[in-house]
Amino acid sequence: MTAGTDLIALIGSLRNANVLCIGDVMLDRFVSGNVERISPEAPIPVLRIESETAMLGGAGNVVRNLAALGARVHVVGLIGKDGAGAEIRSLLRALKTVKATLLTEPARQSAIKTRYLAGAQQLMRADRETVAPIDVKTRKDVLKAANEALKNSAVLVLSDYGKGMLTDGIAKELIAAARKAKVPVIVDPKSTSYADYAGASVITPNRQELRRASGRAVDSDKAVIAAAKSLIKKHRLGAVLATRSRDGMTLIAANGKPVHLATEARDVFDVSGAGDTVVAALAAGLSVGAALEDAARIANAAAGIVVGKVGTATANAEEIVAALHHQTLSDAEAKVFALESLLDRIDLWRRRGWRVGFTNGCFDLLHPGHVSLLKQARNACDRLIVALNADTSVARLKGAGRPVQNEAARAAVLASLADVDAVTIFSEDTPLKLIEKIRPDVLIKGADYTRATVVGADVVERHGGKVFLAELVPGQSTSATIKKLNKKSKK
């Protein structure tokens with residue numbers, strides 16, 4: 001097993017991954033809005049729709065996650081001759097590292113899952129789909145495309161959502177072709193008969209799928225291991241990676257001791273598509289030669305990221321690196337975010353109706369003036385973000401010898417304060433670009449500024465926010481502290 005921080009070099013190599021993904025490609029729609037009343041026609045909520053988004057789902061979400069890691073992907077899928085199929089084709093075409101072989105059947109409805117959300121609550125899901133085995137011609141085309149693509153692939157993923165793409169013995173034929181080509185196979189299963197997946201390298205059932213397939217209880221670590229081992233023996237599987245929601249994951253290999261991976265999720269918001277993320281990260285890791293346990297640890301970190309996002313989300317390499325850092329850092333340091341991760345967290349906060357505050361500075365040698373400003377800032381909002389000048393920008397702004405503490409140390413100190421909910425580091429001289437992306441509800445600076453001199457004030461007010469000028473503590477500044485220390489050192 002590789003240590004958490006040592007996996008970071010492996011993350012960087014995921015862009016060299018080359019994966020073939022075959023399965024049920026879908027379209028996920030998210031219809032979001034607010035519920036303010038109950039329908040007079042029936043005891044159901046009335047959703048006032050505010051936005052609609054669409055993204056790839058099913059095997060398509062596996063592909064999205066692989067593309068987010070920079071991996072090269074060849075996907076073979078099936079769509080209908082309809083608007084949803086055209087949308088799926090367009091979304092795949094937009095992914096630069098993806099090659100798509102999309103087959104069509106005139107009588108087939110492209111699979112669509114539509115989720116209706118009110119704020120953070122999913123109200124219902126509506127599915128439109130055809131659930132039927134593929135026809136004889138399509139079957140031949142799938143096998144032909146697979147055999148050709150296997151020549152240039154390091155891993156095969158079978159993403160089975162039970163819609164027909166991998167039923168009726170096709171999964172078994174694809175596994176046989178991959179074994180002949182000496183390509184490992186990862187299966188995300190839906191069939192209760194794992195005879196369909198016999199000979200696969202890794203299979204990734206969730207708790208309920210494992211229970212149904214094995215016919216055994218899965219209510220404890222010991223029971224999960226026993227159920228997985230029974231499937232490994234019966235179907236000649238290389239390993240089972242059982243995903244267990246809040247209980248994390250358990251890796252049971254045919255040869256080796258079981259490994260339990262604790263959940264990495266800090267704030268579970270939406271579990272949609274988390275299994276796809278696990279499969280994608282696992283495949284990418286194995287594709288670049290990672291040991292199975294190391295690939296599973298990467299997959300576990302990636303899953304912990306996406307369940308904190310909205311919808312069928314992805315985890316990129318930068319986010320996984322940060323998550324791996326968090327495994328060995330303190331809870332305080334876990335408040336330090338890369339920008340993309342911070343934007344996801346802000347989206348979650350806003351869906352819960354919380355006002356987001358923003359302040360910035362060098363915060364070199366934290367003093368009572370800083371503490372007072374941050375306390376006032378936190379009182380003006382529900383969640384406070386502190387944007388910290390990177391070492392390079394502090395040196396430009398403050399001159400030689402500054403900062404006294406490097407950016408990692410300054411970020412850790414800030415994040416340890418109860419009044420601070422998130423810290424992000426920026427390298428520009430001003431935080432204007434950050435403010436434009438974050439659009440805080442409250443922008444906080446000290447009273448030595450005026451509304452006219454606060455960077456980003458116009459941006460915040462244009463979006464309905466406000467500027468708050470905090471009272472200063474007299475005689476407190478980092479520069480003054482450094483001067484006092486220098487005088488003392490000369491005596």
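The analysis underlying the following values was restricted to heavy atoms, covering all of them including side chains, and did not include hydrogens, waters or symmetry mates. Just so it is clear, the structure is predicted and the values come from calculations on it, not from any experiment.
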Original post:
Between Arg350 and Asp441, is there a side-chain N and carboxylate O pair less than 4.0 Å apart?
Top reply: yes
Original post:
Tell me the ring-ring contact (aromatic ring centres under 6.0 Å, His included) pairs involving residues 130-154, sequence neighbours left out?
Top reply: none
Original post:
Between Asp421 and Lys335, does at least one N-O distance fall below 4.0 Å, as a salt bridge requires?
Top reply: no
Original post:
What pairs meet the salt bridge (Lys or Arg N to Asp or Glu O under 4.0 Å) rule with one or both residues in residues 73-88, with sequence neighbours excluded?
Top reply: Arg29-Glu87
**OP:** Scan for side chain to side chain donor-acceptor pair (under 3.5 Å) pairs involving residues 8-21, sequence neighbours excluded, and state none if there are none.
**Re:** none
Side-chain donor-acceptor pairs of residues 176-190 under 3.5 Å, sequence neighbours excluded:
from, atom 1, to, atom 2, distance (Å)
Arg179, NH1, Gly199, O, 3.0
Lys190, NZ, Glu209, OE2, 3.0

Acceptor/donor pairs from residues 88-96 side chains to any protein atom, 3.5 angstrom cut, sequence neighbours excluded:
none

**OP:** Apply the test salt bridge (Lys or Arg N to Asp or Glu O under 4.0 Å) to residues Glu148 and Lys144: give CA-CA distance (whole Å), side-chain angles for both, the deciding distance (0.1 Å), then the verdict.
**Re:** CA-CA 6 Å; Glu148 187 62 31; Lys144 180 181 178 181; over 6 Å; no
Original post:
Between the side chains of Ser341 and Asp344, does any donor sit under 3.5 Å from an acceptor?
Top reply: no
Subject >> side chain to side chain contact (heavy atoms under 4.5 Å, CB included) against Ala284, all qualifying residues, sequence neighbours excluded >> reply: Leu14, Ala17, Leu66, Leu69
Acceptor/donor pairs from residues 215-223 side chains to any protein atom, 3.5 angstrom cut, sequence neighbours excluded:
from, atom 1, to, atom 2, distance (Å)
Ser220, OG, Ala223, N, 3.1
Asp221, OD1, Arg244, NH1, 2.9
Asp221, OD1, Arg244, NH2, 2.8

Original post:
Which residues satisfy the ring-ring contact (aromatic ring centres under 6.0 Å, His included) test with Phe358, sequence neighbours excluded?
Top reply: none
With a cut-off of 3.5 Å and sequence neighbours excluded, list every side-chain donor-acceptor pair involving residues 44-60.
from, atom 1, to, atom 2, distance (Å)
Arg48, NH2, Glu36, OE2, 2.8
Glu50, OE2, Asn34, ND2, 2.7

Original post:
Should the pair Asp347-Arg345 be classified as a salt bridge under the 4.0 Å nitrogen-to-oxygen rule?
Top reply: no
Subject >> Sequence neighbours excluded - ring-ring contact (aromatic ring centres under 6.0 Å, His included) pairs with any residue from residues 195-237 >> reply: Tyr194-Tyr197
**OP:** Would you mind listing every ring-ring contact (aromatic ring centres under 6.0 Å, His included) that reaches into residues 78-116, with sequence neighbours excluded?
**Re:** none
**OP:** For Glu428, enumerate each residue passing the side chain to side chain contact (heavy atoms under 4.5 Å, CB included) test, keeping only those at least two apart in sequence or located in another chain.
**Re:** Phe426, Lys433
